[in-house]
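Sequence lines set the chain letters: A, B, ... in the order given, protein chains first and strands last, and positions in each chain run from 1. Just so it is clear, the structure is predicted and the values come from calculations on it, not from any experiment.
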Amino acid sequence: MLGLLFVTFFIGRVMPIDPVLAVVGERATQDQYHAAYLELGLDRTLVVQFSYYVWDVIHGDFGMSLLTARPVSQDITRVFPATMELATIGIIFGIVLGVPLGVVAAVRRGSWIDQIARVVALVGYSMPIFWLGLMGLLLFYGILGWVGGPGRQGIFYEDTFPSVTGMILVDAALARDWGAFKDAFSHIVLPASLLGYYSLAYISRMTRSFMLEQLSAEYVTTARVKGMSEWAVVWRHAFRNIRVQLITVIALSYAGLLEGSVLTEIIFSWPGIGNYITTALLSADMNAVLGGTVVVGLIFVCLNIFSDLLYKIFDPRSK
Amino acid sequence: MTTLLDVDNLWVRFPNRTGVFDAVRGVSFSLGRERLGIVGESGSGKSLTGRAILRLIRSPGIVEAGHINLHGENLLEKSEAQMRKVRGEKISMVMQDPKFSLNPVMTVGDQIIEAYRLHAKASKAEAYKKSVEMLEAVSIRDADRVMKAYPHEMSGGMGQRIMIAMMLIPNPEILIADEPTSALDVSVQGQVLSIMDKLVKERGMGLIFISHDLNLVSQFCDRVLIMYAGRIVEVCEADKLHEAKHPYTQGLLGSLPRFDAPRDRLQVLTRDPAWREAPSVEARL
C-alpha cells in the first residue's frame with residue numbers, strides 16, 4: 001500500500017504539469033504564483049512532501065480537488081458508491097449467468113451449447129464496450145423505451161429520499177420509495193448488464209477451462225464408479241474443486257469493475273470513479289488522481305484479503 | 001464355479017483424425033467368484049477393459065461387444081439410470097493412486113457416507129456408523145478421526161484402504177482393482193493386498209485384478225489373462241504362470257530378475273508382429 005502511494009505520488013510530481021499554474025491560472029502575477037507555490041509546499045524536498053502527504057492520507061485527507069474545489073475524500077465518497085452499485089450488479093449478473101454457462105459448456109464439450117457459449121464469450125471479449133453501450137442505448141432507450149436513459153436517476157426523483165449509502169438502489173429501498181427504486185433500476189439495468197456481459201464472457205471461459213481440468217481428474221471417475229448421477233458428479237465433486245480458482249477470477253473481475261470502467265461511465269453519464277479519475281487526469285488535478293488511485297489500490301488489497309479468507313474456507317489444503 | 005460376469009468380444013475404439021484406433025480388440029472372458037488377474041504392459045488395453053465393463057468410457061471412445069452380461073443381464077442394453085444402479089452396488093472399482101482418486105476438498109467421511117447412501121436407504125447416523133465399521137474392517141485405527149480428515153492428510157496406504165472401504169461399502173459382487181498397489185511403497189503393498197484379499201474372500205466376491213506386475217499377480221490371483229495390444233494372448237492358472245507357453249509371456253517372465261536363478265544378463269523382449277494379429281484367446285471358465 002505504501003509502495004503504491006509512493007509510486008503514484010512520484011509519478012504525479014515528476015509529470016510535466018505545473019500544479020501551481022493549475023491553481024492560479026495563466027494570468028497570475030509572479031507574486032501570486034510564488035505565494036501559491038509556497039502554499040502548496042512545493043519549496044520543500046520531495047521526501048518531505050511525500051511524508052506530509054502520507055500523514056494526511058492516513059488521516060483520511062487526500063487534499064483538495066482543483067476541479068471541484070471540494071476535498072477529494074468527499075468527492076470519492078460521492079462517486080465511489082455510484083461505481084460500486086454498477087459494479088456489484090454487473091458482477092452478480094456475470095456470476096449468475098457466467099458460472100452455469102461455463103460449467104454446462106465444459107460438461108457438454110463440443111455440443112451446440114458449448115458453441116453458443118463460445119460465441120457469446122467471443123462477442124463479449126471483442127466488441128468495443130462503447131459501441132455496445134451506444135447500440136444498447138439506441139435500441140432499449142431510444143427506440144423501445146424500455147429502460148431509463150443516461151445518468152443514475154430521473155430528474156423527478158432526485159433528492160426525494162435521504163442518501164445513506166450513496167447507492168441509489170439501496171437508499172431508495174431503505175426509504176421504501178419504490179417509485180424511485182424502479183426509476184433507478186431502469187437507469188442502472190443497461191450499463192450494469194453491459195458490464196455484466198463483459199465479466200460473463202471472462203468468467204464463463206475461465207469456468208469452462210477450470211471445469212474441463214477437473215472433469216478429467218480421477219476422483220470424478222471415482223464418483224461415477226460409486227453410481228452418482230452426472231449432475232451430482234459435476235456439482236458436488238468437480239465444481240467444489242474449482243471454487244478457489246473461481247473466486248480469484250471473480251475477485252479480479254470485480255476489482256476491475258470497481259476501478260470504474262471509464263467508457264461505460266462516460267457513455268451512460270454515470271458519475272462514477274472511473275469518470276472522476278479520468279476527468280481529473282485530463283485537467284491535471286493531481287490530488288484527485290492520487291486519491292482515486294489510492295482508493296482503487298485499497299479495493300484491490302481488500303478484495304485480495306477477502307478472497308484469501310474464502311480460500312481458507314473452501315480449500316482444506318490451505319490450512 | 002458360477003459365472004458372475006461374461007464379456008463377449010469386447011472392442012474399445014477411439015476415432016481420431018487418421019482413422020480409428022482400436023485399444024481393445026475383441027476380448028472375451030468370464031469371471032466367477034475368483035481372483036482374475038489381467039496383466040500386460042502400458043497400452044495393452046487392460047485398464048480400458050475394466051472401465052468398459054462399468055461403461056465408463058467417455059465419448060469419443062466407443063465400446064462394442066457381443067454382450068457384457070452380469071448374471072445374464074446385458075449391461076450394454078441398460079440405460080444410464082440403470083447403469084448407475086450397477087455401478088457401486090454390483091460392480092465397483094479401486095483405482096491406482098488414492099492421491100488422485102479421492103476428492104481433495106471433501107472429508108473422507110463424507111465420501112464414504114455418500115457411497116453408502118447412494119445405494120442404501122439409511123439415515124446419516126446409520127451411514128456414519130456403517131462407515132466407521134467399514135474403516136475398521138480395512139484396519140484403520142482411530143476411524144472417527146479419519147472420518148473427519150481430508151485425503152491429503154492421509155498416507156498413500158491409508159488412502160488406498162479408504163478407497164477400498166468406500167468401494168466395498170455398498171457390498172458389490174465384483175471389484176475391479178485397477179493397479180491398486182502401483183502407487184504404493186512396497187512395504188505397504190502387501191498390507192493393502194491382504195486386506196483386499198480378505199474382504200473379497202469373506203464376501204464371496206469376484207475380483208478383477210489389473211496389474212503389470214507378473215509376480216504379484218501370480219502370487220495373488222487364481223487365474224491370469226495376459227493381454228498384448230488389446231488382445232488376450234494367453235490364459236493360465238496363476239500358479240502355473242511359469243509354465244506359460246506364449247513367447248510374449250515367456251519373454252516377460254524372462255526379463256524379470258529372479259532370486260532363485262540369478263543371471264548376469266536379463267533377456268530382452270523381442271516382439272513378433274504376428275502377436276498383434278493372432279486372434280484373441282477366449283478366457284471363459
Side-chain angles (χ1 to χ4, degrees), chain A residues 99 103-115 207-208 210-250 307-319, chain B residues 47 50-51 53-60 80-108 110-120 148-153 159 162-163 166-170 172 175-176 178 183:
Chain A
V99 171
V103 170
V104 172
V107 174
R108 301 254 171 279
R109 185 186 190 178
S111 71
W112 59 271
I113 280 199
D114 190 18
Q115 302 299 346
T207 308
R208 179 180 181 272
F210 295 153
M211 276 306 275
L212 281 180
E213 193 189 324
Q214 294 301 326
L215 285 172
S216 62
E218 276 289 271
Y219 70 84
V220 168
T221 311
T222 307
R224 291 201 180 106
V225 170
K226 284 179 183 176
M228 281 192 118
S229 68
E230 195 58 27
W231 179 261
V233 168
V234 168
W235 289 103
R236 264 182 71 84
H237 284 266
F239 187 71
R240 277 197 194 190
N241 277 278
I242 69 161
R243 285 179 308 189
V244 167
Q245 288 163 296
L246 210 52
I247 286 165
T248 316
V249 164
I250 290 171
S307 61
D308 276 353
L309 283 177
L310 287 179
Y311 285 10
K312 293 251 151 55
I313 299 172
F314 287 140
D315 191 351
R317 283 165 296 188
S318 64
K319 268 175 197 146
Chain B
S47 287
R51 281 165 202 233
I53 293 169
L54 280 163
R55 289 214 356 229
L56 283 173
I57 307 286
R58 309 286 295 166
S59 157
E80 252 312 294
Q82 287 169 322
M83 257 331 271
R84 268 185 244 133
K85 296 234 169 280
V86 173
R87 292 187 199 127
E89 196 171 327
K90 300 271 185 335
I91 308 177
S92 212
M93 180 159 79
V94 173
M95 275 159 302
Q96 185 167 350
D97 194 338
K99 268 196 201 67
F100 301 115
S101 52
L102 291 168
N103 190 334
V105 300
M106 282 170 79
T107 60
V108 168
D110 281 349
Q111 296 187 55
I112 302 181
I113 288 173
E114 178 186 83
Y116 184 59
R117 296 204 355 159
L118 275 169
H119 300 288
K148 286 187 206 76
Y150 286 93
H152 70 278
E153 296 163 316
I162 289 166
M163 189 76 189
M166 186 164 86
M167 286 311 177
L168 291 186
I169 202 169
L175 181 68
I176 300 170
D178 188 357

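Heavy atoms only, all atoms of each residue included: A:T222 and B:S101 are closest at OG1-O, 2.6 Å. Residues A:F314 and B:V105 come closest through the heavy atom pair O-CG1, 4.0 Å. In terms of heavy-atom proximity, B:L56 sits nearest to A:R224 at CD2-CB, 3.7 Å.
When each of B:H119, B:M83, B:R58 is checked for heavy-atom pairs under 4.5 Å with chain A, B:R58 comes out on top. Of all the listed residues (B:P98, B:A81, B:P104, B:P151), the one sharing the greatest number of non-hydrogen pairs under 4.5 Å with chain A is B:P104. When B:L102, B:V94, B:L54 are compared by the number of non-hydrogen pairs under 4.5 Å with chain A, B:L102 comes out ahead.
Interface with chain B: from residues 226-233 of chain A, residues A:K226, A:G227, A:M228, A:S229, A:E230 qualify, criterion being any non-hydrogen pair under 4.5 Å.
Applying the side chain to side chain contact (heavy atoms under 4.5 Å, CB included) rule to B:A120 yields the partners B:Y116; only residues at least two apart in sequence or on another chain are considered. With sequence neighbours excluded, no residue forms a ring-ring contact (aromatic ring centres under 6.0 Å, His included) with A:Y311.
Heavy atoms of A:R109 lying under 4.5 Å from chain B are absent altogether.
Interatomic distance, B:H152 NE2 to A:D315 CG, rounded to the nearest 0.5 Å: 8.0 Å.
Pairs engaging residues 83-93 of chain B under the salt bridge (charged side-chain N to carboxylate O under 4.0 Å, His left out) rule: B:E80-B:R87 [sequence neighbours left out].
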**Request:** Give the intermediate values and the outcome of side-chain contact (heavy atoms from CB on, under 4.5 Å) for residues B:D97 and A:E218.
**Result:** CA-CA 9 Å; B:D97 194 338; A:E218 276 289 271; over 6 Å; no

